Amino acid sequence: MHGRLLGLAGLAAVSAGAALGGHLSYRQAAGPNRAAAVPLLAPSDWVGLGAVDDFPPAEPVRRTVGELAVVVVRDGDDCHVLADRCAHLSGPLSEGTLVDGCLRCPWHGSEFRLRNGEVVRGPATAPQPVFETRVLSGHLEIRLTRPT
Ligand code: FES
């Protein structure tokens, strides 16, 4: 009898875990961070993306660095550069829209602050990787901002 009760308790615990996992995965979309591989693909040193004048103001533009896609948003003389594939489910942020200093993903509407990649609005839960930028002789260069 005691063993049977333990078996039922174990079954209840497994069922509750499965229900919670399903809810988080399918309803809350709290899956893995799709931008987690960016540090592995990003160059460790500065790399050029082209002339700053080639980037239209306030318009997301896609560029690639090796296998890594990034999105560039020119803001006056500054440029913001983030990984292009959304941390949520890999939506193309370069096809997104600008909203109050943030970039909104075209697939599910997550918004990431251009300045630091912070999630301002979900469903994304992980921040979007951002790149340091500098301009040398009118050319934009980036390198990955390493966590401190
Ligand atoms: S892919 Fe879902 S919010 Fe970007």
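Whatever order the structure lists them in is the order used to number ligands and atoms, beginning at 1. Starting from 1, each residue takes its place in the sequence as its number. Here the structure is a predicted model, which means the values were calculated and not measured.
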For this session: For Trp107 and Glu95, run side chain to side chain contact (heavy atoms under 4.5 Å, CB included): C-alpha distance rounded to whole Å, both residues' side-chain angles, the deciding distance at 0.1 Å, then the answer.
Result: CA-CA 9 Å; Trp107 284 7; Glu95 296 175 19; 5.6 Å; no
Exercise. Which protein N, O or S atoms does atom 2 (Fe) of ligand 1 have within a distance shorter than 2.8 Å?
Worked result: His88 ND1, His108 ND1
Problem set entry | Euclidean distance, Thr133 OG1 relative to Trp46 CH2, rounded to 0.5 Å | 6.5 Å
Report all side-chain donor-acceptor pairs from residues 97-104 shorter than 3.5 Å, counting only partners two or more places apart or in another chain.
from   : atom 1 : to     : atom 2 : distance (Å)
Arg104 : NE     : Glu111 : OE2    : 2.7
Arg104 : NH2    : Glu111 : OE2    : 2.6

Seminar exercise, completed: Residues at least two apart in sequence or cross-chain that pass side-chain contact (heavy atoms from CB on, under 4.5 Å) with His108, listed by chain then number, are His88, Leu89, Pro123
Exercise. Which salt bridge (charged side-chain N to carboxylate O under 4.0 Å, His left out) pairs, counting each pair once, include a residue from residues 54-65, with sequence neighbours left out?
Worked result: Arg62-Asp84
Exercise. Can you check whether Val38 reaches Leu68 side chain to side chain, under 4.5 Å on heavy atoms?
Worked result: yes
